[in-house]
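Written below as structure tokens is the structure these notes are about.
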Amino acid sequence: MQIEKFSYDNKIVRDFGIATIVWGLIGMTVGLLIATQLVWPFMNFGNQYTTFGRIRPLHTNAVIFAFVGNAIFMGVYYSLQRVLKARMYSDVLSKIHFWGWQLVIVLAVITLPLGFTTTHEYAELEWPIDILLTIIWVVFGINMFGTIIRRRERHMYVAVWFYIATFVTVAVLHIVNSVELPVSMWKSYYVYAGVQDALVQWWYGHNAVAFFLTTPFLGLMYYYLPKMANRPIYSYKLSILHFWTLIFLYIWAGPHHLLYTSLPGWVQSLGVVFSIMLIAPSWGGMLNGLLTLRGAWDKVRIDPILKFMVVGLTAYGMATFEGPMLSLKQVNAIAHFTDWIPAHVHIGALGWNGFLTFAILYWLIPRIYRTQLHSVKLASTHFWLGTLGILFYAIPMYWAAVVQGLMWKEFTPEGVLQYPNFLATTLQILPMHMIRAFGGLLYLIGVILMAYNLVKTMKAGSLLKNEAAEAMPLQPLTKREPTAHRRLERKPLTFLVISLIVILIGGIVQMVPTFLISSNVPTISSVKPYTALELEGRDLYIREGCVNCHTQTIRPFRSETVRYGEYSKAGEFVYDHPFLWGSKRTGPDLHRIGGKYPHKWHFDHLLDPTLTSPGSIMPAYPWLITQTLDTSLTKKKLEAMKTLGVPYTEEEIANADADLMAQAKEIAADLNKTDVDVREDSEIIAMIAYLQRLGTDIKVAAE
Amino acid sequence: MFKQITNLGGNEWYMILSLLIFVVFFIVVVVIMATMKKDYSDYMKNMPLNDSNDQEIRD
């Protein structure tokens, strides 16, 4: 038997590594900017392309898909080749994957500030980019499976299972969550509406966290932690239990993002129960990681790389304990829509994803450059700055969350709201937001130090582009292997199919009845489709990203029905493609805003929010007044909605432009009466029409 | 405490079915795990440590 000589591709690993650093710096800088916007509205720069609503998705997309995404590929391309003893299947596919992924990110950076968004959180990119992303993901899949098939190691190490599950699940999530009907190049509507759209979005949103931020990083942990600590993983058997139960359970948990909404009760309950069960595999994974370090804790004291790993794993444990707690209905009632949620997310993002990424970069870059790290001391400084940054970020946010969550619910002994003005609760927590921004700044400074340290390291060494390796080729099996899982570990495609089935079960049980059994979404006869003008206004609401700060779903609590009005019903959203329930109340809920104030109030408020609400941190939207409403697509939009099942008549579609103008004239005339000088074709008219319509349909029936 | 998962107005079957699917799945995984041989799991455990030639720069 001849030993085969081949080489590992280190160049692609380096490329993804550099992209990780660059996008990390950009994404976190944008994060710091939006954190300051939540304290000082002038940081929106009075410019429509830099308002919070438009660049908050830029931050989330940049850190998730650009920073963490590139880090995943860096880690996978290095470890996959080595545990399989094979070079990546195709250098060309590696290159296409690398540049294609960067292209997707650049397109996101361009389109999101321009207001091209689908509004689905963490999936805001419009349909052409969705298609490009699908192609690039498939390229990655072919490259990965090609490598697996050409491997020289019969069995796939646990890291590889996590990579396979990541690939297949992200593909399923992305495709199902991106079924859109295009209206133009940069505008589309989701085929799902209201409650169903919400269920799909949070099935996706939650599992983007699970299968983009968690499973690939668990795979990386299972490879890099043993390397860094120079000892094998604590328990291989535990990793089997960890892997299968984690991927099975995660997929069910999405509905915990929609507790107390009009989602059917049994779906909410399933979300709660499975979220709580999820503690077990999550902690199993964390413990498997931490116990790997048994007997190596002396190294943790001196090695910043291991320090990053330990705090990263601890942050993972904290976030995965916090998640199930937050999905308990009683806790959720107070914490949801508050700063607790961004704090929870950042424990995961800054602690788990960030710290593991830094550790891998510090470990990997010197190795592929055949040198030592430029400065271990600087890396230690980075570790402490990062850890302090996380604490300064999270603790004030928890504090702010409890303060604001309780203020929203506080009643006086006479039975009226203690803080009827929402703004009073916002102003109370601004100091906390300042400290949070400071925490973000510390964290960012740490990353800048890392970038410097790694650039110095790269300059000191030289990249070993192709690392020579040798291994025996795979021999045909002569005897049957004794256990089922052992056989499975050498059958990548069977493994893929079984993982696919496991992750589909939860989604199917929750979605199919919600979509097909009509009693799950009771209709309301008085709920009618939006008029042409209101629909255009809704699209402006989408463009400006209002949904990033304002919810449109009132939960059935006394504190909410007194503050906002009647709680939201499933039947009210049946024409909402997409749903706009939101996930965070930086400002008040808007579902019953319709008819609450005169047109003039909305006009003043959008022109300068501090005119009506002194101290408001909402950015001003003066361009809505100067810009002319684009009605070139109105008819097409109505037709698209009709295709999706919204009952517009042929007549309504044919007269869309005239109807739109008539309604616009009415609103403009009313504004003119109150001495407001506004053109009837300006965008603000459509926005006001939409806001005044919100949540009013059920009131019509009551009268 | 269990009100939120018992008051489902006739939809309890979704819960029971889901739990049942998981329990069956979990038992299968546990059985597979328990029947695994120790020498094999030791071999798999050491895979990342035996995979590259960077020994010379390991400290």
May I ask you to test the B:Phe26-A:Leu241 pair for a side-chain heavy-atom distance under 4.5 Å?
yes
Non-hydrogen side-chain atoms of A:Trp244 and B:Phe25 separated by less than 4.5 Å
yes
Can you say whether A:Tyr234 sits under 4.5 Å from chain B via the side chain, the backbone, both, or neither, judging by heavy atoms?
backbone
Main chain of B:Ser41, side chain of A:Lys237: is a donor-acceptor contact present, judged purely on distance under 3.5 Å?
no
Could you check whether any side-chain heavy atom of A:Phe248 comes within less than 4.5 Å of a side-chain heavy atom of B:Ile21, counting everything from C-beta outward?
yes
Contact class of A:Gln268 relative to chain B, heavy atoms under 4.5 angstrom:
neither
Checking side chain to side chain contact (heavy atoms under 4.5 Å, CB included) against B:Met47, which of A:Glu153, A:Lys85, A:Met156 comes through?
A:Glu153
Show the nearest heavy-atom pair for residues A:Leu270 and B:Ser18, with the distance to one decimal.
CD2-OG, 3.4 Å
Between A:Leu488 and chain B, which part of the residue has a heavy atom less than 4.5 Å away: side chain, backbone, both or neither?
neither
Looking at residues at least two apart in the chain, or sitting in another chain, which of them share a ring pair (Phe, Tyr, Trp, His ring centres under 6.0 Å) with B:Tyr40?
A:His155
If you count heavy-atom pairs under 4.5 Å between each of A:Thr245, A:Val158, A:Leu238, A:Val509 and chain B, which one has the most?
A:Thr245
Heavy-atom side-chain proximity of A:Trp252 to B:Phe22 below 4.5 angstrom
no
Is it the backbone or the side chain of A:Leu249 that comes under 4.5 Å from a heavy atom of chain B, or both, or neither?
side chain
Would you say that B:Lys45 contacts A:Thr292 through its side chain, given a criterion of any heavy-atom pair below 4.5 Å between the two side chains?
no
What residues form a ring pair (Phe, Tyr, Trp, His ring centres under 6.0 Å) with A:His242, not counting sequence neighbours?
A:Phe162, A:Tyr222
The reported gap from CE in B:Met44 to NE2 in A:His485 (rounded to nearest 0.5 angstrom) is 9.5 Å
Can you tell me how far OH of A:Tyr157 sits from CG of B:Asn46, rounded to the nearest 0.5 angstrom?
9.0 Å
